[in-house]
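Each remark here refers to the structure printed beneath this line.
Just so you know, these numbers come straight off a predicted model, no measurement behind them.
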Amino acid sequence: MIPFYESIRTAAAGHALDPYLLAALVEQESSGDQDAWNPEPRYRYFWNVRTGAPFRRVSDLELAAKFPPKDFPALAGDPDNEWWGQQASWGLTQIMGAVAREHGFKGKYLPRLCSDPALNLDLGAAHLAGNIKWAAGLYVGLESERQAVSTRAGLAAYNGGRTGNAPTGPLHNRAYADEVLTRFRRLRAFWTSQP
């Protein structure tokens, strides 16, 4: 049985994804552990929770500092919580805190992304679907290959951002995308063959 399969299926359906693709991403990212958490202190993308837009560009000095910039806002508590939380990946889909905020997560604190698997799956599915759609819009080639190429590029962008992962050139994160696609094929073949 795939852990959290009903929640995976619901989240995938809500974003027009194959549930086995989302299950493969979960297996790759967290091994199905809803409590998975990973700090990524060099992550540079931040979301302004007050304006609902990307936070201004941060300098190397600000990124290396022990405290967030004075103008970095938080929804609750200390801005440190938000600053460090946005630089971590959370839960089943290991969605970055800043990306969860970008996709509309309004919870006071980011650790809820671990304690609410359905929420985490929905946000991860939204992010993956958005990256696949982005890649499909850039794709130039045979129409019969559009979905496969866009899915691979979308997976690469999910893991490493869009820069260097467009379907029009070599993918910077191709190994990650190929690992998820291998898991996808295995999961789909196994579970669709069961009575």
Side-chain angles (χ1 to χ4, degrees), residues 11-12 15-18 20-31 36-48 52-65 68-69 72 83-105 110 113 120-186:
H15 297 283
L17 292 173
D18 185 310
Y20 297 108
L21 182 62
L22 186 56
L25 181 135
V26 166
E27 186 179 280
Q28 176 72 25
E29 289 287 346
S30 67
S31 300
W37 172 81
N38 186 36
E40 299 187 30
R42 300 301 299 164
Y43 190 71
R44 293 185 156 275
Y45 179 75
F46 296 93
W47 191 255
N48 187 319
F55 185 67
R56 67 170 173 75
R57 186 176 179 89
V58 296
S59 70
D60 289 338
L61 190 60
E62 288 175 315
L63 198 59
F72 186 76
W83 176 257
W84 297 112
Q86 285 197 21
Q87 294 180 74
S89 53
W90 299 93
L92 293 169
T93 63
Q94 287 294 279
I95 191 162
M96 294 299 296
V99 172
R101 292 295 193 202
E102 179 181 11
H103 283 285
F105 175 61
L110 289 158
L113 296 171
N120 184 283
L121 289 164
D122 185 61
L123 292 167
H127 187 53
L128 178 58
N131 279 320
I132 291 171
K133 183 177 180 181
W134 162 80
L138 296 177
Y139 176 73
V140 177
L142 295 174
E143 190 58 35
S144 61
E145 296 178 6
R146 178 181 297 276
Q147 186 63 41
V149 171
S150 299
T151 299
R152 187 172 184 241
L155 284 164
Y158 184 94
N159 180 253
R162 292 180 176 177
T163 302
N165 286 309
T168 54
L171 300 177
H172 177 71
N173 288 66
R174 68 186 168 278
Y176 170 86
D178 291 344
E179 287 174 26
V180 175
L181 289 169
T182 297
R183 291 172 188 271
F184 163 67
R185 287 188 288 273
R186 179 183 45 77

Identify the heavy atoms of [X] and [Y] that sit nearest to each other, and give their distance.
X      : Y      : value
Ile95  : Gly124 : CD1-N, 3.9 Å
Ala153 : Ala135 : CB-CB, 3.8 Å
Ser30  : Gly91  : CB-O, 3.5 Å
Ala98  : Trp47  : O-CB, 3.7 Å
Ala166 : Trp134 : CA-CH2, 3.6 Å

What residues form a salt bridge (charged side-chain N to carboxylate O under 4.0 Å, His left out) with Glu27, not counting sequence neighbours? Arg183, Arg186

Restricting to salt bridge (charged side-chain N to carboxylate O under 4.0 Å, His left out), what partner residues turn up for Arg185, sequence neighbours left out? none

Kindly state each residue pair satisfying salt bridge (Lys or Arg N to Asp or Glu O under 4.0 Å) with at least one member in residues 121-145, sequence neighbours excluded. Glu143-Arg146

Pair Leu155, Leu21 - check side chain to side chain contact (heavy atoms under 4.5 Å, CB included), show working. CA-CA 10 Å; Leu155 284 164; Leu21 182 62; 4.0 Å; yes

Only counting residues at least two apart or in another chain, list the ones meeting side chain to side chain donor-acceptor pair (under 3.5 Å) with [X].
X      : value
Ser89  : Glu40, Gln94
Asp178 : Arg152
Tyr43  : none

Verdict with reasoning, Gln87 to Phe46, per side chain to side chain contact (heavy atoms under 4.5 Å, CB included): CA-CA 8 Å; Gln87 294 180 74; Phe46 296 93; 3.4 Å; yes

What is the distance from atom [atom1] of [X] to atom [atom2] of [Y], rounded to the nearest 0.5 Å?
X      : Y      : atom1 : atom2 : answer
Asn131 : Asn165 : CG    : CG    : 9.0 Å
Met96  : Arg101 : CE    : CZ    : 13.0 Å
Gln147 : Tyr139 : CD    : OH    : 11.0 Å
Leu92  : Leu113 : CG    : CG    : 10.5 Å
Leu63  : Arg42  : CG    : CZ    : 4.5 Å
Leu25  : Leu17  : CG    : CG    : 9.5 Å

Without swapping roles, check the side chain of Asn120 against the backbone of Thr93 for a donor-acceptor pair under 3.5 Å. yes

Under the 3.5 angstrom rule, does the side chain of Trp90 hit a backbone N or O of Gly85 as a donor-acceptor pair? yes

Apply side chain to side chain contact (heavy atoms under 4.5 Å, CB included) to the pair Tyr176 and Leu171, showing each step before the final yes or no. CA-CA 10 Å; Tyr176 170 86; Leu171 300 177; over 6 Å; no

Ring geometry between Phe72 and Phe55 (parallel below 30°, tilted from 30 to 60°, perpendicular above 60°): perpendicular

Within a strict 4.5 Å, meaning less than it, do heavy atoms of the Glu29 and Tyr158 side chains meet? yes

Of Glu102, His103, His15, the residue whose pairing with His127 passes side-chain hydrogen bond (donor to acceptor under 3.5 Å, both in side chains): His103

Would you find more than 12 non-hydrogen atoms of other residues, nucleotides or ligands less than 6.0 Å from His172 atom NE2? no

